[in-house]
Amino acid sequence: MKDFKRYLITAALPYANGPIHIGHLAGVYLPADIYVRYLRAQKRDVKFVSGSDEHGVPITIRAMKEGVTPKEIVDKYHAIIKDSLAQMGVSFDIYSRTSNQIHHKTASDFFINLYDKGLFEEKETEQYYDEKAKTFLADRYIIGTCPVCGNPNAYGDQCERCGSSLSPELLINPRSALSDATPIKKKTKHWYFPLQNYESFLKQWILEEHKEWKNNVYGQCKSWLDNGLQSRAMTRDSNWGIKVPLPDAEGKVLYVWFDAPIGYISATKELTDNWKDYWQSEDSRLIHFIGKDNIVFHCIIFPAMLKAHGDFVLPDNVPANEFLNIEGDKVSTSRNWAVWVDEYLKDFPGCEDVLRYVLCSNAPEAKDNDFTWKDFQDKNNSELASIFGNFVNRTFVLMHKLCGGKVPKLHEDLMDDLDRTLIEEIKNSKSKVENAIEEFKFREALFEVIDLSRKGNKYMQEKEPWKKAASLERLAASEENGSKLEAHSSQQLIDNCLHLCLQLTANLAILINPFLPFTAQKLLHMMKVVDKILDWENAGSIKLLSVGYSLRAPEILFRKIEDKEIEMQVEKLKNGLVRTDTSSQLPDAVNQKSETSNQQPHEINHIKSEIVYDDFAKLDLRVGKIVSADKVAKADKLLKLEIDLGFEKRTIVSGIALHFKAEEIVGKQVVVVANLAPRKMRGIESNGMILMAEDKSGKLHFVNPDDETDAGSVVS
RNA sequence: GGCGGGGUAGCUCAGUUGGUAAGAGCGUCGGAUUCAUAACCCGGAGGUCAGGAGUUCAAUUCUCCUUCCCGCUACCA
């Protein structure tokens with residue numbers, strides 16, 4: 001490998017139209033952070049940049065729907081995302097945003113550079129246009145009746161009901177998803193970047209010179225290159241984004257995919273005046289951490305842009321990860337099937353490293369993986385708490401009991417094979433972890449760290465210093481000749497054992513640091529040593545803690561996670577109790593953006609697909625009266641209601657506690673879905689559902705008869 | 001529809017330039033132990049390596065077909 005002097009690590013820019021979930025962390029931010037922390041520990045010159053991607057059509061649509069400005073949307077989510085990442089310990093040197101002035105300038109200049117060289121093609125095409133909303137429409141934003149199956153809410157690119165591939169022309173009665181206006185065709189001019197001109201260069205660069213890239217990345221690139229590249233529009237009609245810096249370009253902005261990767265450059269500029277060292281010097285190593293949906297942009301389009309510009313280095317590697325599923329289903333923000341990082345941080349305070357551990361040890365490095373809460377609990381309780389945490393704990397406890405709270409001496413003359421083997425293992429761990437990280441195999445690297453603590457446990461088990469301590473007591477009580485001598489050597493053996501266990505613990509701190517930085521800090525505190533000890537070159541040494549140095553009492557590194565806690569999370573997920581109001585309806589990939597057709601919103605404020613009368617008739621709706629209402633213990637949002645249906649009384653658990661006080665609603669009339677399958681919530685069986693109306697602000701209102709009606713009356 | 005990645009123990013994943021018992025962690029079962037967060041340590045059980053065909057002395061590993069999951073893309077390879 002080339003000898004690089006500098007490293008520039010980028011993590012995909014999260015799209016600022018929603019918070020981030022654990023899939024983003026597992027796929028992009030944690031691997032990047034681990035790599036960066038490792039490089040820093042090696043004292044290499046490294047910069048770690050990222051930021052919010054704040055342009056693109058989905059944000060404007062969302063703003064329109066919520067009646068706010070795009071700026072308000074991105075301000076809100078930029079803050080949330082930045083905060084979540086910071087709290088999780090993702091150690092960016094800078095987390096910027098593409099709405100910054102410096103980025104506008106950088107991206108415009110980049111565009112002009114290519115423009116002045118005559119590298120763009122200008123093309124005029126006809127696009128669909130919504131005259132009411134005064135905006136051009138992507139296929140996905142055009143809705144109409146499917147010509148194949150008659151679904152009245154088919155999208156302009158595909159019918160979700162029958163799966164037919166469509167185009168807007170095929171739709172019957174097409175209408176705009178934004179305003180219901182009938183789209184018209186309108187001419188528009190755009191600037192295209194002829195990727196085909198870079199095909200032979202890219203083939204050489206990737207297929208020949210970067211065979212070491214991961215299978216999924218290399219394969220995807222090969223597929224694109226084999227199939228031939230074509231011109232791609234680099235501008236869009238919109239008023240949200242970076243204005244095309246040309247005189248005749250009113251109402252046009254840079255395509256979000258042109259501007260977003262340039263965000264890496266802008267962020268670096270913002271970070272340091274020496275940004276050119278990282279971007280324009282051949283001995284700098286550029287690495288992009290991304291999710292698999294971004295491969296083509298980071299491996300084909302952006303490198304072609306950089307090449308066209310000419311002043312920049314190209315990525316040396318793009319270790320894209322696959323996706324993380326949740327409890328067997330793929331993440332979907334529209335269905336609210338996700339574990340949100342900001343929620344996790346609230347639910348599990350002080351457990352940042354636990355999430356880091358679980359997501360890294362099960363990262364989707366080679367294929368899509370599954371996250372389950374049970375697995376989260378198991379990994380924490382067995383690997384972190386029982387193996388790693390417990391080893392450190394028993395080492396410290398024994399050291400305090402048997403060695404007076406100080407680092408005991410190592411008596412080399414008494415060392416045996418077990419000792420020597422352990423020392424060897426400590427040394428080996430360093431290179432094992434190192435090699436794995438260099439190859440972006442973070443789960444394997446992390447396993448090696450845990451495995452070292454496993455070896456520590458085994459070593460201690462075989463040495464049994466507590467037994468030697470017991471015999472020591474016996475000897476002390478005895479008056480026999482020679483017992484003093486024996487006691488002396490027993491203590492020396494205890495010393496050796498704990499000396500090595502403590503040095504091993506110091507090694508664990510160094511090795512775990514890139515993965516679990518908060519834990520490494522706790523270890524430093526317990527060992528009363530400074531950050532300097534975490535320098536990577538110290539790993540493998542057994543001379544990290546000085547003999548006679550007194551250490552603090554142990555603190556529990558990882559608490560056990562109870563069944564109840566994960567049950568709650570599973571329930572939270574399944575009931576969709578959280579954020580049903582956020583209407584984050586964009587499908588999400590690790591980096592959700594793109595204005596390509598099949599990544600557009602699933603649903604935009606329109607009626608659900610049509611049903612027939614029989615579908616409706618299946619519902620048994622009844623008028624009921626609330627007899628009593630009680631707050632459900634340990635549940636923020638649940639009320640347990642007794643409902644009188646005339647012919648019977650039944651219990652219904654309803655998620656309305658944030659909106660109503662229990663005592664206020666007793667006596668109220670309600671409409672109940674009486675034949676809904678029973679469901680247990682927090683241990684209480686709920687037999688039905690209360691109908692509620694939700695207004696714009698998210699406030700709930702009871703749906704009930706105009707005037708007093710007999711309980712049990714049928715609603716139809 | 002095309003292309004790419006993947007389908008290996010109950011779970012999550014390694015691995016095989018084709019060949020001498022198919023691996024790990026967790027879980028499970030049994031044993032030992034008590035310094036420790038009812039922890040640790042030892043041992044056992046558990047897989048016709050998605051299905052089928054072919055090449056070969058030999059295939060989980062190569063080729064072809066089928067099937068399932070994921071991503072990219074579109075009537076074009």
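Heavy atoms only: backbone and side chains are in, while hydrogens, waters and symmetry mates are out. Every chain is numbered from 1, with letters handed out A, B, ... down the list of sequences. Please read these numbers as outputs of a predicted model, since none were measured by experiment.
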Could you tell me which nucleotide pairs with [N] by Watson-Crick or G-U wobble geometry, both distances under 3.5 Å, or answer none if nothing does?
N     : answer
B:G18 : none
B:A38 : none
B:G25 : B:C11
B:A53 : B:U63
B:C3  : B:G71
B:A45 : none

Check this for me: [X], atom [atom1], are more than 12 non-hydrogen atoms of other residues, nucleotides or ligands nearer than 6.0 Å?
X        : atom1 : answer
A:Gln230 : CD    : no
A:Lys222 : NZ    : no
A:Lys409 : NZ    : no
A:Lys455 : NZ    : yes

Please report, rounded to the nearest Å, how far the [atom2] atom of [N] is from the [atom1] atom of [X].
X        : N     : atom1 : atom2 : answer
A:Glu322 : B:C72 : CD    : P     : 11 Å
A:Lys458 : B:C42 : NZ    : P     : 4 Å
A:Gln220 : B:C72 : CD    : P     : 8 Å
A:Asn325 : B:G6  : CG    : C1'   : 12 Å
A:Glu365 : B:C70 : CD    : C1'   : 17 Å
A:Trp257 : B:U73 : CH2   : C1'   : 16 Å
A:Arg454 : B:C41 : CZ    : C1'   : 12 Å
A:Glu464 : B:C35 : CD    : C1'   : 10 Å

Quick one: label [X] by what it contacts on the DNA or RNA (base, sugar-phosphate, nothing), any heavy atom closer than 4.0 Å.
X        : value
A:Lys374 : nothing
A:Asp370 : sugar-phosphate
A:Glu383 : sugar-phosphate
A:Ile450 : nothing
A:Ala469 : nothing
A:Gly389 : base
A:Phe447 : sugar-phosphate

Minimum-distance nucleotide (side-chain atoms of [X] versus [options]):
X        : options             : value
A:Ala385 : B:U37, B:U33, B:A36 : B:U37
A:Phe558 : B:A36, B:U34, B:U37 : B:U37
A:Gln461 : B:C35, B:U37, B:G71 : B:C35
A:Asp293 : B:U37, B:C72, B:A36 : B:C72

Expressed in whole Å, how much space separates the [atom1] atoms belonging to [N] and [M]?
N     : M     : atom1 : answer
B:U16 : B:A32 : P     : 40 Å
B:G5  : B:A50 : C1'   : 16 Å
B:G44 : B:G23 : P     : 12 Å
B:G1  : B:G15 : P     : 31 Å
B:G47 : B:G51 : P     : 14 Å
B:A14 : B:G54 : P     : 31 Å

Would you check if A:Arg394 and A:Gln461 make a side-chain contact, meaning some heavy-atom pair closer than 4.5 Å?
yes
With a cut-off of less than 4.0 Å, is there a side-chain N or O of A:Lys222 near OP1 or OP2 of B:G5?
no
Reckon A:Lys560 has a side-chain N or O less than 4.0 Å from the OP1 or OP2 of B:A39?
yes
Would you mind telling me which residue lines up with the more 5' stretch of RNA chain B, A:Asn457 or A:Ser223, judged by nearest nucleotide?
A:Ser223
I want to confirm an ordering. Mapping A:Val296 and A:Lys441 to their closest nucleotides on RNA chain B, which one lands closer to the 5' end?
A:Lys441
Could you tell me if the ring centre of [X] sits under 6.0 Å from that of [Y]?
X        : Y        : answer
A:Tyr198 : A:Phe193 : yes
A:Phe323 : A:Phe371 : no
A:His298 : A:Tyr264 : yes

I'd like a list of close polar pairs between nucleotides 63-65 of chain B and the protein, N/O only, cut-off under 3.5 Å.
none

Side-chain ion pair, A:Asp416 and A:Arg420, N-O less than 4.0 Å:
no
The residue among A:Trp205, A:Phe440, A:Tyr218 that forms ring-ring contact (aromatic ring centres under 6.0 Å, His included) with A:Trp213 is A:Trp205
